[in-house]
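First comes the structure, then the notes that go with it.
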Amino acid sequence: MENSSPLVLMLLGAALMLCLHPLQAQIDGTGLFHDYYAKSCPKAEEIIKSIVEKAVKKEARMAASLLRMHFHDCFVKGCDASILLDDTSNFTGEKTANPNRNSVRGFDVVDNIKAALEKACPGVVSCADIVTVAARDSVVLSGGPSWIVPLGRRDSRGASLQGANQNIPAPNSTHQTLETKFKLKGLDVVDLVVLSGGHTIGLSRCTSFKQRLYNLTGNGKPDPTVDQGYLKQLTTLCPQTGTDDNQTTPLDLVSPTKFDTHYFKNLESGKGLLITDEILYSTKGSKTAALVKFYASHSQAFFQQFAKSMIKMGNITPLIKPSGEIRKNCRKMN
Ligand code: HEM
Ligand SMILES: *[C@@H]1O[C@H](CO)[C@@H](O)[C@H](O)[C@H]1NC(C)=O
Ligand SMILES: *[C@@H]1O[C@H](CO)[C@@H](O)[C@H](O)[C@H]1NC(C)=O
Ligand SMILES: *[C@@H]1O[C@H](CO)[C@@H](O)[C@H](O)[C@H]1NC(C)=O
Ligand SMILES: *[C@@H]1O[C@H](CO)[C@@H](O)[C@H](O)[C@H]1NC(C)=O
């Protein structure tokens with residue numbers, strides 16, 4: 001080409017580079033990229049953060065609740081805000097699934113964020129992206145790592161009660177079941193251990209761990225891996241019969257609102273709350289036990305890997321244009 005002067009080639013190169021960001025995002029297979037709302041709603045992340053901040057200031061636990069909501073969203077049909085849909089007379093969503101019922105919280109905070117975003121840029125920012133960004137902000141506000149959230153998820157036009165019951169691990173899952181359920185979502189044992197580290201913040205109800213206090217395997221005995229003092233504390237809070245299993249206690253007894261490595265340290269001393277927490281450490285010779293040991297004393301490595309694993313979890317089969325929709329109200333399909 002006689003016109004291919006160095007200048008033209010340079011311009012061409014520059015033009016290509018400008019396209020590279022979205023292109024790269026396309027190549028990684030998700031179709032998501034960080035600048036997604038740069039033109040359509042430049043203040044989106046700022047608005048989300050300000051409302052999460054207010055909510056967490058009001059109640060520190062809300063950070064944990066929003067983090068968990070994202071996990072429960074992503075494990076069912078991908079991160080598509082399916083968890084936010086309310087049941088109606090002719091629609092059954094995920095809110096009554098065993099892992100979610102009387103347990104997942106923070107829906108009102110998402111509503112507040114959505115209302116603010118609809119005011120600023122109507123019909124633009126998905127509920128799925130709101131939940132994803134709010135989870136990141138929650139971790140940051142709790143003293144954890146930050147990361148750049150790929151964006152552009154769209155909202156589902158359905159939900160799966162069955163998926164919620166099947167895909168989200170129960171708190172008495174076996175080590176093998178944990179590995180399998182994560183693997184089915186494209187997450188490996190490093191992701192399993194590090195994301196379980198999300199239990200460095202937040203609370204659990206007695207009902208989620210009572211089995212291990214009294215009758216772990218049906219032999220009438222408590223889980224032998226629980227520290228004796230801790231066991232006493234927990235049995236006082238959660239008597240075997242005739243009481244309120246809605247009582248709550250921290251998943252990380254040392255620093256329940258601070259995102260740190262105490263979750264892993266607790267496991268080393270038999271003070272993990274859920275069966276599925278302690279089992280990561282107590283399974284002899286397992287890769288998860290080695291990882292727990294490592295992260296207990298390597299805070300920076302934990303933070304770095306947590307950020308990576310959160311991005312990985314946040315990228316589970318998103319709906320991208322032209323699939324899905326941008327809900328006007330996160331609780332119902334348009
Ligand atoms: C590995 C499998 C997991 C199991 C079996 C599990 C199970 C549970 C259970 C039973 C609770 C207490 C719920 C209640 O009693 O109401 C809980 C709370 C929580 N989970 Fe998980 N979880 C797992 C993984 C994760 C992951 C991957 C994250 C996020 C990265 C996460 C974040 C949280 C948080 C932050 C809370 C506290 C929520 C609050 O205080 O509102 N969990 N989890
Ligand atoms: C379900 O009910 C709502 C009103 O409650 C109605 O608008 C909607 O069309 C119904 N959907 C189906 C699939 O029947
Ligand atoms: C786990 O808990 C459920 C519900 O409480 C119970 O039906 C099931 O038998 C338990 N599984 C194991 C392995 O203990
Ligand atoms: C423990 O569980 C087994 C089977 O689930 C049951 O048969 C037994 O009665 C229980 N023991 C106690 C002490 O609750
Ligand atoms: C726990 O709380 C839920 C709703 O918040 C309620 O429906 C349930 O009856 C409570 N369970 C107990 C044992 O109090």
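Heavy atoms only: backbone and side chains are in, while hydrogens, waters and symmetry mates are out. Counting starts at 1 for both ligands and their atoms, following the listed order. FYI, the numbering just counts along the sequence from 1.
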Nearest candidate to atom 5 (C) of ligand 1, where distance is taken over non-hydrogen atoms, out of Ser65, Ala170, Ser208, Ser103: Ala170
Got a salt bridge between Glu59 and Lys54, using NZ or NE/NH1/NH2 to carboxylate O under 4.0 Å? no
Side-chain (Lys114) to main-chain (Arg327) donor-acceptor, under 3.5 angstrom: yes
Which of Arg153, Arg157, Arg154 passes salt bridge (charged side-chain N to carboxylate O under 4.0 Å, His left out) with Glu325? Answer is Arg157
With only distance considered, is Asp245 within less than 3.5 Å of ligand 5 through an N or O on each side? no
Can you name the atoms of ligand 1, numbered from 1 with element, that are less than 4.0 Å from a heavy atom of Leu274? 7 (C), 8 (C), 9 (C), 10 (C)
Residue Leu178 vicinity, atoms of ligand 1 by number, heavy atom under 4.0 Å: 1 (C), 2 (C)
Note: heavy atom closest to atom 20 (N) of ligand 1, options His199, Lys185, Lys181, Met313, belongs to His199
Look at atom 38 (C) of ligand 1 and find which of His72, Arg68, Met69 reaches it with the closest heavy atom. Arg68
Which class fits the ring pair Phe259 and Phe302: parallel under 30°, tilted 30 to 60°, perpendicular over 60°? parallel
Can you name the atoms of ligand 1, numbered from 1 with element, that are less than 4.0 Å from a heavy atom of Leu195? 26 (C), 27 (C), 28 (C), 29 (C), 30 (C)
Parallel, tilted or perpendicular for Phe75 and Phe71, by the 30°/60° rule? perpendicular
Only heavy atoms of Leu251, strictly under 4.0 Å: list the atoms of ligand 1 that pass. 18 (C), 19 (C), 36 (C), 37 (C)
